[in-house]
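The structure appears right after this line, and notes come after that.
Naming: A, B, ... by sequence-line order, numbering from 1 per chain. Please read all numbers here as calculations on a predicted model, not as lab measurements. Side chains included, hydrogens not; waters and symmetry mates left out as well; all remaining heavy atoms used.
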Protein chains: 2
Amino acid sequence: MSRVTISDVATAAGVSKTAVSFAFNNPERLGHATLERVLGVAEDLGYTPHPAARALSMRRSGTIGVLIPQRLSTVFANPFVSELIQGLGEQCEEHDLTLLLVPPLDGSLEGAIRQASVDGFISIGLSPNDRALEVLDRIGIPTVLVDSDGSPGHPAINIDDEGGAHEAARHLLQLGHRQVAILVLPPAREQVNSTPTATRRLAGYRRALDGAGAPEPVAVVAGISVAAGARAFESLPKGKRRPTAVLAMSDMAAIGVMSAAQASGLRVPEDLSVVGFDDVPASAWTNPPLTTVRQPIVEKGRLAARLLIQRMKGATVESPPPLSTSLVVRKSTSRLINSDLRNKGR
Amino acid sequence: MSRVTISDVATAAGVSKTAVSFAFNNPERLGHATLERVLGVAEDLGYTPHPAARALSMRRSGTIGVLIPQRLSTVFANPFVSELIQGLGEQCEEHDLTLLLVPPLDGSLEGAIRQASVDGFISIGLSPNDRALEVLDRIGIPTVLVDSDGSPGHPAINIDDEGGAHEAARHLLQLGHRQVAILVLPPAREQVNSTPTATRRLAGYRRALDGAGAPEPVAVVAGISVAAGARAFESLPKGKRRPTAVLAMSDMAAIGVMSAAQASGLRVPEDLSVVGFDDVPASAWTNPPLTTVRQPIVEKGRLAARLLIQRMKGATVESPPPLSTSLVVRKSTSRLINSDLRNKGR
DNA sequence: CCGCTTTAGTAAAGCGGTTTAGGGGCGATC
DNA sequence: GATCGCCCCTAAACCGCTTTACTAAAGCGG
């Protein structure tokens, strides 16, 4: 009762394996009568070509891999990936491709890469000196990087992280904030120090804050989860050096900060302004709705997939210019109410 | 400059292909000296076994497929899947498996199933008479159903939809609501009328509402997206028959209803109570925080994967009892303030 | 009726691995 | 000194499909 193979169909229909193969992949090479017969027999027997055999023979598997830098449970806690997959998926469906999620197996992303039977890879947030990249071009699978630094061999899709971050920080400055805390993105993988994305955003924040009469901002590393954001809030300085605003690099972390702040009795934005990064859909429904830097995530996925598919067809493609970001001002930021001044006024 | 194959390594190391294969899969069958040498040469040449060839030969691909009933862009708009994947992923990583997302290709889920080189399938929300199921057991790939009706051949993971729904409806009744609208889940796939899940939840709502002195509830089909929820709100009866509460079958739809209601000047929960279903993380941060029926989504994924892996090992497994749900009362529901009574009081 | 092009179908060689059955060498056993 | 067993290693079959020749028959103009 094992699987029906092409030979079974061939003998049942009284033709060669070749004929059966042609019936499916090259129907015009068969006479009308035999074509019908073969297809009929195949249907009756419930024949389905074995995907692995097909992939081996055709040198193409019809799937593209998504390199997930961390455990699925941590990465999928951030709606960012969901959005990205929506973009990737749209293109995949259009080109009859399926999507393979490739997280580190047994702690090793390299190992997982080798195992994966794919025609191309999309990597998320890989740092440019990650060893996984070596493996990738050693086995010569076309790859498109998302949120990394591009290299000659690998086109990269990026957004204007620096600009977006700069705009966010300036927004806070304009509202009068000077005591600002930065929630830094954690490294995508254990080995590296920090993602290119985090580096660029930090640079953007700094460029705005430096020389704006603001004291050196406190920087706290926070994961991209709500819980991590909440923990980060707890570790913020209290008392005199308490920040009046926080820049979060991820909406999830920002939401965590808001929750924790509110739980501790602070009001957002009156006592603490919070700005996120990404503009995931949930940011619009939070309480208060989150001020954040919008990036076109779905579009990013779409673009990445499109480029990868081109590469898979043999084209050489360049990294496109960074996608632009925009500040979405909602209700989680407000003008600083200087409590010191108010106190003096009494 | 094509790929390095096992033969390349074999000749370079002066051994047979078998020896190279053993070096990787059966190292104890080789002498220490040759083992080292082969491994060394392989490393130098950058050899990586071809996954498809391996899969063909070993009859196992090391990946499990997730059958997505609709386009990725619509399915991944609901955090439910993200949560589910977290659960699936945890088990996959533990067993060195990768996860293949299989949406309908060219409109056909059956076709996509055939293409997929996987060792097992997890299906989401398939109705028991879906043609995809036939294909599945014709090619004899072990499958575990999530949110479907189980059948002898296919174990199914479910929650107590009926009970959860009943509890939600009773909650509204206890708060005094009688004019209740139900947002019905749309069918998972075009062909079928409605998912088993939707049917069971509806039954739960009905059992509570029937004979509770409530008029026949209005039922509106709403997608699982926020936008669909908003649209559903618009199509609710106005005026005298305006519902004072809505039961949503999905948190996303519930959030859509809240937004739309608030946008139209209604207050939640004072003017309209809303209850969701699922308790996705975002429900806790909405404004107001959403009252909803909690189901253990991550656990569901974990369990499904665990069962599937057992099946893949040859064990026959039964459908486990439905996972239990619980009502999480937050701030989107409140006691009915009967405006008619209030008017009379004047 | 003959040579030439199409047409319809096939045999066999891959694709790149794994695995079974077995062979050569060599020290230990009797 | 023949025999046995053990340790290493290999030849060859196989996994299930695609594809490149190639052949036999049919069609066709002259």
Taking only heavy atoms on the protein side, list every residue of residues 36-43 of chain B lying under 4.0 Å from any atom of DNA chain D, sorted numerically. none
Going by the rule salt bridge (charged side-chain N to carboxylate O under 4.0 Å, His left out), which residues pair with B/K300 if we only count those two or more places apart in sequence or in a different chain? B/D147
Check the phosphate of C/dG16 against B/R3, side-chain N and O only, distance under 4.0 Å to OP1 or OP2. Yes or no? no
Find every protein N or O atom lying less than 3.5 Å from an N or O atom of nucleotides 19-22 of chain C, and list the pairs.
unit_1, atom_1, unit_2, atom_2, d
C/dT19, O4, B/T18, OG1, 3.0

A/R138: which residues meet the side chain to side chain contact (heavy atoms under 4.5 Å, CB included) condition with it, sequence neighbours left out? A/R114, B/E43
Contacts of A/D119 that satisfy salt bridge (charged side-chain N to carboxylate O under 4.0 Å, His left out) - sequence neighbours left out: none
Report yes if some heavy atom in the side chain of A/V66 is under 4.5 Å from a heavy atom in the side chain of A/L100; otherwise report no. no
Do the side-chain N or O atoms of A/S16 get closer than 4.0 angstrom to the phosphate oxygens (OP1, OP2) of C/dT10? yes
Heavy atoms only, 4.0 Å cut-off, all strands: where does B/F24 land among base, sugar-phosphate and nothing? nothing
Anything under 4.0 Å to a heavy atom of chain B counts; send over the first and last such nucleotide of DNA chain D, read 5' to 3'. D/dC8 to D/dG16
Could you list all the ring-ring contact (aromatic ring centres under 6.0 Å, His included) pairs where at least one residue sits in residues 65-108 of chain A, not counting sequence neighbours? none
Going by ring-ring contact (aromatic ring centres under 6.0 Å, His included), name the pairs with one or both residues in residues 12-54 of chain A, residues two or more places apart or in two chains. A/F24-A/Y47
Return whichever of A/T5 or B/T34 has its heavy-atom-nearest nucleotide of DNA chain D closer to the 5' end. B/T34
Given atom CG of B/D8 and atom P of C/dG16, what is their separation to the nearest angstrom? 9 Å
Touch class at under 4.0 angstrom, heavy-atom based, for B/S7 against every strand present: nothing
Sugar-phosphate only, base, or nothing, as touched by B/V15 at under 4.0 Å among non-hydrogen atoms: sugar-phosphate
Counting runs of three or more consecutive pairs, Watson-Crick or G-U wobble, with each distance below 3.5 Å, where are the stems of DNA chain D? C:1-30 with D:1-30
Base, sugar-phosphate, or nothing for B/T48, non-hydrogen atoms under 4.0 angstrom? sugar-phosphate
State, with a plain yes or no, whether a side-chain heavy atom of A/I157 is found less than 4.5 Å away from one of A/P320. yes
Just jot down the side chain to side chain contact (heavy atoms under 4.5 Å, CB included) partners of A/R131, sequence neighbours excluded, or say none. A/E110, A/E134
Residues which pass side chain to side chain contact (heavy atoms under 4.5 Å, CB included) with B/S16, listed by chain and number, not counting sequence neighbours: B/T18, B/A19
Describe the nucleic acid contact of A/L30 in one word from base, sugar-phosphate, nothing, applying a heavy-atom distance below 4.0 Å. sugar-phosphate
Do B/P103 and B/V75 have side chains that approach each other closer than 4.5 Å (heavy atoms only, starting at C-beta)? no
Grab the CD-P distance between A/E28 and C/dT6 for me, whole Å please. 17 Å
Is any side-chain heavy atom of A/R3 closer than 4.5 Å to one of A/T48? yes
Do A/D8 and A/T5 come within less than 4.5 Å of each other through their side chains, counting heavy atoms only? yes
Among all residues two or more places apart in sequence or in another chain, which pass the salt bridge (charged side-chain N to carboxylate O under 4.0 Å, His left out) test with A/R302? A/E90, A/E299
Atom-to-atom span, CZ of A/R114 to P of C/dG17 - whole angstrom: 13 Å
Give the minimum heavy-atom separation between B/I139 and B/I113, together with the two atoms involved. CD1-CG2, 4.0 Å
